[in-house]
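Following: one structure in structure tokens, then a few remarks.
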Amino acid sequence: MSKKAKTAIQPTRSEDFPNWYQKVIVASDLAENSKTRGCMIIKPYGYAIWENIQQIFDKRIKAHGVENAYFPLLIPLKFIASEAEHIDGFAKECAVVTHHKLEMDENRQLVPAGKLEEPYVIRPTSETVIGDAMSRWINSYRDLPMKINQWCNVMRWEMRTRLFLRTSEFLWQEGHNAFASPEESDTDARLMVDEYAKFAENVLAIPVITGEKTANERFPGAESTYTIEAVMQDGKALQAGTSHNLGTNFSKSANIVFQDKTGKEQFAHTTSWGISTRLIGGLIMVHSDDDGLQLPPAIAPYQVVIIPVVKNPEQADAINEYVQNICEGLIAQDIRVHVNKKDDSVGNKIWDSIKKGVPLRVEIGAKEMESGTLTHVRRDIGRDSKTNSSVEEFVSTASDILASIQTSLFERAKAIVADNLSDVADLDALQQLYKDDYQGLVRIPTSFIEDDQYKQLAKEFSLSERCLPFADNGSMVVIGRAY
RNA sequence: CGGGGUAUGGCGCAGUCUGGUAGCGCAUCUGCUUUGGGAGCAGAGGGUCGUAGGUUCGAAUCCUGCUACCCCGACCA
């Protein structure tokens, strides 16, 4: 009673981080593996997080003049064959549709029939399709800039999958912008990665390192790739969003040409940028603890859960009415609130809200009702934050409490970055660091990565270049292990 | 794709070595008592052992192929 006997999630983070990650997803009811190889079922609670990501981010990109559209899932094979470097990056992981019907064979088994003249590829990304459309939509400099985004699914036949972090099918947004000049496309690619950084930090409470990818980590066919890299609790990096300046590489293969003011034909300069359901994996690995998920209020499907404590049936109506009034007060403050009316014990409901990471829990029984109060507990602090306050006071300060939780999660996440990002004097020091079982990231001078000693260390310790942080103007590179 | 592991009710597992046709915990359902950090008792339902084939009088168990999942690595905008 006095002390927590065990954690809700076993194993704990320190015992077995990958296993803990899977268990958090199950315990919080976000998603599960499906019968389809490498594909997940995103359950309602997990999908609600994605819907919030969509709603919030969609507003931000529309403010930049981006318009949403929808393009086909299936891409004609000849589209893909047109851009060599790009397709090299994806050919190994493309699912291909080769038939258009099923027939019953002699063993009464359904087999593919009706072979297609030209196979289709299930989109791994849509540069080629959208490029083809843009080649028809863009004729004049007056048509530029053109900014098109789609929220959709894509498929990449990955060798090794993990829920949210890398699945064969995943949900994302892919933005595709076209401009008249190289300066504009580079500015745009940087603008979008900056939007990702702001979204990650202000909404998801995930601090990120924003920077540019090195040449060998760059998107196939891009001139430059900008990225936000987040740091997980185990010290590994997670690429959480990328924005590419494609220059004229794609407009040349898709023939996106416009006439400039002088009547001369020119290739458009394009960008593409995306974030995906992978962000949910990042949320889990940054914020959750050994009792389960912990969600920043800004993204939580519900920010407050109310647990009615009904000890005898005669009180039920009165308590429900009391709860309903509080609910309405919170909704009027634009707070997302959920009343757990499930026929279950109070203890189970409390644990359920902890495992699901609801930021703020409210308990209301006869005791509170008689005194015009309620009891509330913060998920980030736990039972030590248990407070009894009047309904009026709570309703008027709930937004502040949620804001405080948002801040405390962000601060905690910043401490994770600080603990897992080191500088070293030279490559010998780097080697010693990882030999001593260091799990985090290291910032080294960019010139080091050409060194043979570095290349050998990178191989030995599975290190890769995460990015050249904007903050260091390209002089430094952050390296480490990544998801 | 390489190495290792796993596959048995919804979930987690035992049973496999020493073949004889399935068991435990949790969850579920019913009833009663309970409910403020994971309730108790009593009763009930639910699987034919990933899949295809082989050996055998008989296969969860032995043999072979296939598939999926997990971990490590390679790969991965």
Side-chain angles (χ1 to χ4, degrees), chain A residues 1-8 10 16-19 21-23 26-27 32-40 85-93 107 109 124-127 154 156-163 165-168 172 174 189 213-227 239 241-246 250 271-276 278 291-292 307-313 315-316 319 342-355 361-368 374-377 379 382-384 386 388 459-462 464 481-483:
Chain A
M1 191 74 186
S2 59
K3 226 168 36 182
K4 192 183 293 174
K6 59 166 186 176
T7 56
Q10 282 168 324
D16 184 347
F17 197 83
N19 204 232
Y21 174 77
Q22 306 259 2
K23 293 289 169 63
V26 172
E32 62 187 29
N33 268 310
S34 72
K35 299 290 178 194
T36 311
R37 193 204 97 106
C39 295
M40 64 179 163
E85 187 190 355
H86 176 55
I87 222 44
D88 239 24
F90 290 107
K92 300 184 289 290
E93 48 186 35
N107 301 319
Q109 297 293 308
T125 180
S126 304
E127 271 78 4
V154 286
R156 298 170 190 185
W157 210 260
E158 300 286 356
M159 287 304 167
R160 185 177 164 202
T161 58
R162 295 157 171 273
L163 287 175
L165 298 173
R166 176 166 281 111
T167 46
S168 296
W172 76 343
E174 49 176 328
K213 286 287 187 189
T214 56
N216 53 7
E217 296 283 334
R218 202 179 281 155
F219 180 70
E223 294 207 332
S224 45
T225 289
Y226 304 114
T227 178
Q239 178 178 301
T242 48
S243 176
H244 318 288
N245 177 12
L246 306 170
F250 280 80
T271 66
S272 71
W273 33 281
I275 51 172
S276 71
R278 181 176 234 212
D291 282 329
I307 299 173
V309 181
V310 181
K311 291 193 178 176
N312 63 69
Q315 303 171 330
I319 290 177
K342 202 176 162 195
D343 178 20
D344 201 355
S345 73
V346 169
N348 278 334
K349 291 184 191 182
I350 289 170
W351 277 107
D352 186 63
S353 76
I354 293 170
K355 287 186 287 194
R361 176 176 93 238
V362 172
E363 297 167 20
I364 295 171
K367 205 165 66 185
E368 284 84 358
L374 50 73
T375 300
H376 56 93
V377 186
R379 171 66 176 85
R383 64 211 310 177
D384 289 345
K386 192 175 244 193
N388 186 258
K459 202 170 172 189
E460 183 181 349
F461 295 109
S462 310
S464 59
R481 301 188 179 106
Y483 280 97

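Letters go in sequence order (proteins before strands), and every chain restarts at 1.
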| Picking from rG37(B), rC76(B), rG73(B), which would you name as closest to the side chain of Arg166(A)? | rC76(B)
| Of all residues at least two apart in sequence or in a different chain, which pass the salt bridge (Lys or Arg N to Asp or Glu O under 4.0 Å) check with Arg361(A)? | Glu363(A)
| message | Mind checking if Ser345(A) touches a base, just sugar-phosphate, or nothing, with heavy atoms under 4.0 Å? | response | base
| note | Residues at least two apart in sequence or cross-chain that pass salt bridge (Lys or Arg N to Asp or Glu O under 4.0 Å) with Arg162(A), listed by chain then number, are none
| Rounded interatomic separation in angstrom, taking OH from Tyr21(A) and C1' from rC71(B) | 16 Å
| query | Within the side chain of Tyr21(A), is there an N or O that forms a donor-acceptor pair under 3.5 Å with the backbone of Leu163(A)? | reply | yes
| task | Looking at every strand, decide which applies to Gly38(A) at a 4.0 Å heavy-atom threshold: base, sugar-phosphate, or nothing. | result | sugar-phosphate
| task | Could you tell me whether Thr375(A) contacts a base, only the sugar-phosphate backbone, or nothing, with contacts defined as non-hydrogen atoms closer than 4.0 Å? | result | base
| Under 3.5 Å donor-acceptor pair, Glu368(A) side-chain atoms to rG36(B) base atoms | yes
| query | How far apart are the closest heavy atoms of Pro308(A) and Val346(A), and which atoms are they? | reply | O-CG2, 4.3 Å
| Which is true for Ile354(A) with a 4.0 Å heavy-atom rule: it touches a base, it touches only sugar-phosphate, or it touches nothing? | base
| query | If you find the nucleotide of RNA chain B closest to Cys39(A) and the one closest to Arg481(A), which residue's nucleotide is nearer the 5' end? | reply | Cys39(A)
| If you check every side-chain atom of Val309(A), which of rG37(B), rG36(B), rC69(B) has the closest atom? | rG36(B)
| field | Whole-Å C1' distance, rA27(B) and rA39(B) | value | 15 Å
| said: Any base atoms under 4.0 Å from Arg218(A), or only sugar-phosphate, or nothing? Heavy atoms, all strands. | reply: sugar-phosphate
| request: Considering only atom P, compute the distance from rC11(B) to rC70(B) and round it to an integer number of Å. | output: 15 Å
| query | To the nearest angstrom, how far is Leu163(A) atom CG from rA68(B) atom C1'? | reply | 14 Å
| request: Rounded to whole angstrom, note down the P distance from rG50(B) over to rU28(B). | output: 26 Å
| request: Respond yes when some side-chain nitrogen or oxygen of Asn33(A) is under 4.0 Å from OP1 or OP2 of rC70(B), and no when none is. | output: yes
| When you compare rU51(B) with rU18(B), how far apart are their C1' atoms, in angstrom units rounded to a whole number? | 27 Å
| said: With a 3.5 Å limit on both atom pairs, tell me what rA7(B) is paired to, counting Watson-Crick and G-U wobble, or say none. | reply: rU67(B)
| task | Looking at every strand, decide which applies to Lys349(A) at a 4.0 Å heavy-atom threshold: base, sugar-phosphate, or nothing. | result | nothing
| query | How long is the line joining CD of Glu158(A) and C1' of rC70(B), in whole Å? | reply | 17 Å
| task | Calculate the interatomic distance between Asp291(A) atom CG and rG37(B) atom C1'; express it in whole Å. | result | 10 Å
| Do you know which two heavy atoms are closest between Glu127(A) and Phe219(A), and how far apart they sit? | OE2-CZ, 3.6 Å
| query | Which listed nucleotide (rA39(B), rC1(B), rG37(B)) is nearest to the side chain of Met159(A)? | reply | rC1(B)
| Arg37(A) side chain near Trp157(A) side chain, heavy-atom distance below 4.5 Å | yes
| request: Measure the distance from CG on Asp344(A) to C1' on rG37(B) and round it to the nearest whole Å. | output: 13 Å
| said: Please name the nucleotide paired to rC13(B) by Watson-Crick or G-U wobble geometry with both distances under 3.5 Å, or report none. | reply: rG23(B)
| field | Distance in angstrom units between Asn19(A) CG and rC70(B) C1', rounded | value | 9 Å
| So which one's nearest nucleotide on RNA chain B is more toward 5', Lys342(A) or Lys386(A)? | Lys342(A)
| task | Quick one: label Ala27(A) by what it contacts on the DNA or RNA (base, sugar-phosphate, nothing), any heavy atom closer than 4.0 Å. | result | nothing
| message | How many whole angstroms separate atom NZ of Lys311(A) from atom P of rA39(B)? | response | 14 Å
| message | Could you tell me how far rA14(B) sits from rA7(B) if I compare only their P atoms? Round to whole Å. | response | 7 Å
| request: Can you tell me the pairing partner of rG46(B) across any strand shown, Watson-Crick or G-U wobble, with both distances under 3.5 angstrom? | output: none
| Sugar-phosphate, base or nothing in reach of Lys367(A), heavy atoms under 4.0 Å | base
| field | Pairwise P distance for rG58(B) and rC1(B), with rounding to whole Å | value | 38 Å
| note | For rU18(B), the nucleotide meeting Watson-Crick or G-U wobble distances (both under 3.5 Å) is none
| Distance, P atom - from rC66(B) to rC26(B), rounded to whole angstrom | 40 Å
| request: Report the base-pairing partner of rC32(B) (Watson-Crick or G-U wobble, both distances below 3.5 angstrom), or none. | output: rG40(B)
| field | Test item: Glu158(A) and Glu93(A) side chains (from C-beta on) under 4.5 Å apart, heavy atoms | value | yes
| request: Find the partner of rC1(B): check Watson-Crick (N1-N3 plus N6-O4 or O6-N4) and G-U wobble (N1-O2, O6-N3) distances, both under 3.5 Å, and reply none if neither fits. | output: rG73(B)
| Is the phosphate of rA39(B), meaning OP1 or OP2, less than 4.0 Å from a side-chain N or O of Asn348(A)? | yes
| query | Roughly how far apart, to the nearest Å, are rC49(B) and rG12(B) at atom C1'? | reply | 16 Å
| remark: Side-chain atoms of Pro18(A) come closest, of rC71(B), rG37(B), rA39(B), to rC71(B)
| field | Residue Gln22(A), side-chain atoms from C-beta onward, closest of rC71(B), rG36(B), rG37(B) | value | rC71(B)
| task | Would you mind classifying the nucleic acid contact of Arg361(A) as base, sugar-phosphate or nothing, using non-hydrogen atoms under 4.0 angstrom? | result | base
| Ile364(A) and Ile319(A): which non-hydrogen atoms are nearest, and at how many Å? | O-CG2, 4.1 Å
| task | Would you check if Val309(A) and Lys367(A) make a side-chain contact, meaning some heavy-atom pair closer than 4.5 Å? | result | no
| message | As a test of reading the structure: which of rC70(B), rG73(B), rG38(B) is closest to the side chain of Lys355(A), going by heavy atoms? | response | rG38(B)
| query | To the nearest angstrom, how far is Phe219(A) atom CZ from rC75(B) atom C1'? | reply | 17 Å
